[in-house]
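Throughout, protein chains are lettered first and strands after them, A, B, ... in sequence-line order, and every chain is numbered starting at 1. Note that these values count all heavy atoms, side chains included, but never hydrogens, waters or copies made by symmetry.
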Amino acid sequence: MAKHDKAKRGIPSKDDFNAWYPAIVEIADLVDKRYPIKGMDVWKPYGWKAMTLIDTLTRAEMERTDHEEYNFPLLVPEDLLDKENRLVSLLKKAREEGVDPSELRLDEEEGGFKKEVYWVKHAGENELDVPMFLRPTSETPMYTMFPLWVRSHGDLPLKTFQIVNTFRYETKQTRSFIRVREIHFFEAHTAHKDQAGADEQITQDAEIVQNLLHDLCFPAIVSKRPLWDTFPGAWYSTAVDVVMPNGRTLQVATYHHYKDQWAKAFDLKYEDTNGQTQFCHQTTFGMSERMLGAVVGMHGDDAGLIFPPKIAPIQVVLMPVAAHLDHTVAPTIEEMAAQLKAAGFRVKVDNRDIRPGAKHYDWEIKGVPLRLELGPRDIKSGQFVMSMRTGGKEFHDSSELINVVSDALTRTENELRVRSAAHMSHFVIPFPGITQTDGGWQLNSDLEDGKVYEFAFDGNDSDAEILERASGLTFLGDCIEPFAEPRPCAVTGRMTTRRQHLARMY
RNA sequence: GGGCCCGUGGGUUAGUCUGGUCUAUGCUAGAUCGUUUGGGACGAUUUGACCCAGGUUCGAAUCCUGGCGGGCCCA
């Protein structure tokens, strides 16, 4: 019966995540996908509010860590790209020469991101001499300006960020928030006096990510990406992967340590206290609307979304019941709303002339953490009814309103953290191991679909390739939380604490 | 990168194989009025669609080609 009713709303079961996800983002009114360009959804107010609340958390972290917000132009002239291309091919060559050959893969992609950018080649009636492209990320425009701003050690560290839209011409299947062509993007770019300064920044980035994940109430796997999977411009890259309900991992954040390689390409240098010219060391840190995609996937259930309170566009919805029978209901509920607003909560009064049940279902779909009901009965008893989106219906005294709501939002956060931790341990399981036989490498048992496999690994690139081939999965890299005790490497058998994961990535 | 499927009111769906009886069906949503309101209300009235461009044909939602859009599978 209940199932049938839900079917009317068109929400598939979350077990069928590939159907649930695209349906829920539209039914919950986060986006409208009908804009006639693939991968460019219209943000509806409810979805945009959630995104801007995530941005607000991000901005608070940036403020805390002394980054300053900039806003760079959207268009980049093609010739600026030459520096970057030269750098990348140079670094690629250097890597091929300087690095243990076993760390190399032969099939590295060519041509950088030229294939995946949008070009502006005309202006009015004229064809442009120098075509421009829409930023897919802002290294090039930013590092064109940085040398103009950095002259002395006193100008460092330079800590910048911006929250803007970037563009990538995705040809694959697109998915709201997860793979889109116009990306709501956060990027922090910093320049430091030396490598230690950049190292410190990377540590700080890791901390910022953990703070955000705490507010969004889910865990992630943080890994140093394997060298073969690292952007050639980076010295090393650290990625933050969330495990979605279908077992695929979603990379929601990355931070790169660039060392001084970009500074050399873009001539970003300063004069130190000894009057010597030095190259800067740089980092970048990127996140995107994928964070919202992770929130949707991680916390939602068969009844709809569940927003973590910190980013819930509406934290508390108030529903008058049978207000026509008692004329004190409407003013009382307005008074409650006013109290809650004054206490800093995001509140909505649902005055719609529909049955209370319909309201409950609506706000459940939209993932509002708390629903308060007030009717004539409650006015008499001096109480109100509170339904929690994570489950449970409670009666409380009206005098306790603020405390009850505040406490219930905290309980919601804790419950979401418990659930997402359980979710994670359900999906991340030990790797069954692999054995070399006469016929080649054989998995010790078949792998389950939709799981992330965890194991100790200390091999080289060809060892890694053996595992990727045999499993059909991809290496996430060296987890920043190694095993407490050494274990035998899955391929070489050498004892190691290096924790690694194989997963199917988005 | 390779293969496959799909496109009908806001959403969903029938009709497409076998061209005409389809200015197009049901559900849902929307609008108006009335009765209603403690977990998806009911009645009456009503608005609203064949993705785009070519082609085949006396005749195309239906067949063919291309574009755009959506989705799936494999690498």
Side-chain angles (χ1 to χ4, degrees), chain A residues 1-12 16-42 44 105 107-111 115-116 169-176 178-182 246 248 302-304 317-330 332-333 349-366 368 370-381 383-389 391-396 398 449-450 465 468-474 504-506:
Chain A
M1 174 67 175
K3 260 191 180 153
H4 178 73
D5 287 344
K6 276 175 207 149
K8 283 195 338 195
R9 275 297 178 126
I11 308 181
D16 185 2
F17 184 70
N18 293 336
W20 179 89
Y21 182 87
I24 201 67
V25 295
E26 280 199 304
I27 296 169
D29 216 22
L30 303 179
V31 294
D32 194 328
K33 286 188 283 207
R34 291 171 299 178
Y35 191 75
I37 300 178
K38 179 186 165 89
M40 295 193 186
D41 298 345
V42 177
K44 300 288 292 289
R105 291 203 168 182
D107 55 6
E108 281 201 72
E109 286 201 11
E110 291 300 324
K115 279 189 304 194
E116 52 183 70
Y169 177 63
E170 293 286 352
T171 53
K172 293 282 181 198
Q173 183 187 345
T174 57
R175 206 180 295 273
S176 300
I178 292 177
R179 176 171 282 119
V180 291
R181 288 173 163 182
E182 179 171 358
N246 56 1
R248 284 208 189 187
D302 282 356
V317 69
L318 295 138
M319 310 188 320
V321 175
H324 63 296
L325 298 178
D326 181 340
H327 293 289
T328 60
V329 168
T332 309
I333 211 148
V349 176
D350 185 354
N351 274 321
R352 287 177 301 166
D353 185 22
I354 55 175
R355 300 187 76 89
K359 294 182 185 179
H360 279 287
Y361 280 96
D362 274 2
W363 297 115
E364 258 168 18
I365 289 168
K366 292 191 158 201
V368 173
L370 302 178
R371 303 186 296 280
L372 306 189
E373 261 174 84
L374 186 88
R377 184 186 73 197
D378 309 306
I379 300 243
K380 284 198 190 76
S381 63
Q383 291 189 312
F384 63 90
V385 184
M386 178 175 76
S387 306
M388 297 182 65
R389 181 59 181 83
K393 192 167 180 173
E394 307 170 357
F395 289 80
H396 291 283
S398 299
D449 239 12
E465 211 160 355
E468 289 197 345
R469 282 255 169 81
S471 65
L473 302 173
T474 308
R504 188 150 176 227
M505 296 169 83
Y506 260 112

Expected rows: protein N/O vs nucleotides 73-75 of chain B N/O, under 3.5 Å:
none

Next item on the list: With sequence neighbours left out, write down each residue that passes ring pair (Phe, Tyr, Trp, His ring centres under 6.0 Å) with A/Y35, or none if nothing qualifies.
Entry: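 Here no residue qualifies.
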
Note to self: Once ring pair (Phe, Tyr, Trp, His ring centres under 6.0 Å) is applied, do any residues pair with A/W20, and if so which ones, sequence neighbours excluded?
What the structure shows: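 Residues passing ring pair (Phe, Tyr, Trp, His ring centres under 6.0 Å) with A/W20: A/F17.
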
Sequence neighbours left out, what passes salt bridge (Lys or Arg N to Asp or Glu O under 4.0 Å) with [X]? Give chain and number order.
X: A/E364; result: A/R371
X: A/R181; result: none
X: A/R469; result: A/E465

Expressed in angstrom and rounded to an integer, what is the separation of [X] atom [atom1] from [N] atom [atom2]?
X: A/D350; N: B/rG38; atom1: CG; atom2: P; value: 13 Å
X: A/E26; N: B/rU28; atom1: CD; atom2: C1'; value: 16 Å
X: A/E170; N: B/rG70; atom1: CD; atom2: P; value: 13 Å
X: A/Q383; N: B/rG38; atom1: CD; atom2: P; value: 19 Å
X: A/K38; N: B/rC68; atom1: NZ; atom2: P; value: 11 Å
X: A/M386; N: B/rG39; atom1: CE; atom2: P; value: 18 Å

Complement of [N], any strand, by Watson-Crick or G-U distances under 3.5 angstrom:
N: B/rA24; value: none
N: B/rA14; value: none
N: B/rU45; value: B/rA31

Could I get a table of every N or O pair under 3.5 Å where one atom is in the protein and the other is in nucleotides 30-37 of chain B?
residue: B/rU36; atom: O4; partner: A/D353; partner atom: OD1; Å: 2.9
residue: B/rU36; atom: O4; partner: A/D353; partner atom: OD2; Å: 2.8
residue: B/rU37; atom: OP2; partner: A/H324; partner atom: NE2; Å: 3.0
residue: B/rU37; atom: O2'; partner: A/A322; partner atom: N; Å: 3.1
residue: B/rU37; atom: O2; partner: A/I354; partner atom: O; Å: 3.2
residue: B/rU37; atom: N3; partner: A/D353; partner atom: OD1; Å: 3.1
residue: B/rU37; atom: O4; partner: A/D353; partner atom: OD1; Å: 3.2

Next item on the list: Look at the side chain of A/E364 and the base of B/rG39, then say whether one donor and one acceptor between them are separated by less than 3.5 Å.
Entry: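 Under the 3.5 Å cut-off, the side chain and the base do form a donor-acceptor pair.
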
Check: For A/T328, what residues pass the side chain to side chain contact (heavy atoms under 4.5 Å, CB included) criterion, not counting sequence neighbours?
Finding: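 Per chain and number, A/T328 pairs via side chain to side chain contact (heavy atoms under 4.5 Å, CB included) with A/D326, A/T332, A/I379.
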
Item checked: Qualifying residues under side chain to side chain contact (heavy atoms under 4.5 Å, CB included), relative to A/E373, sequence neighbours excluded ->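 Scan of A/E373 (side chain to side chain contact (heavy atoms under 4.5 Å, CB included), adjacent residues dropped) gives A/M319, A/V321, A/H360, A/V385, A/S387, A/K393.
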
Note to self: Going by side chain to side chain donor-acceptor pair (under 3.5 Å), name the residues that satisfy it together with A/R355, two or more places apart in sequence or in a different chain.
What the structure shows: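 Partners of A/R355 under the side chain to side chain donor-acceptor pair (under 3.5 Å) test: none.
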
Margin query: According to side chain to side chain donor-acceptor pair (under 3.5 Å), who are the partners of A/Y21, at least two apart in sequence or on a separate chain?
Written below: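 If we apply the side chain to side chain donor-acceptor pair (under 3.5 Å) test to A/Y21, skipping adjacent residues, there are no hits.
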
Give me the distances for all protein-to-nucleotides 8-11 of chain B N/O pairs that come in under 3.5 Å?
residue: B/rG10; atom: O3'; partner: A/R34; partner atom: NH1; Å: 2.7
residue: B/rG10; atom: O2'; partner: A/R34; partner atom: NH1; Å: 2.8

Margin query: At 4.0 Å (heavy atoms only), tell me whether A/R469 reaches a base, stays on the sugar-phosphate, or touches nothing.
Written below: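 Touches nothing.
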
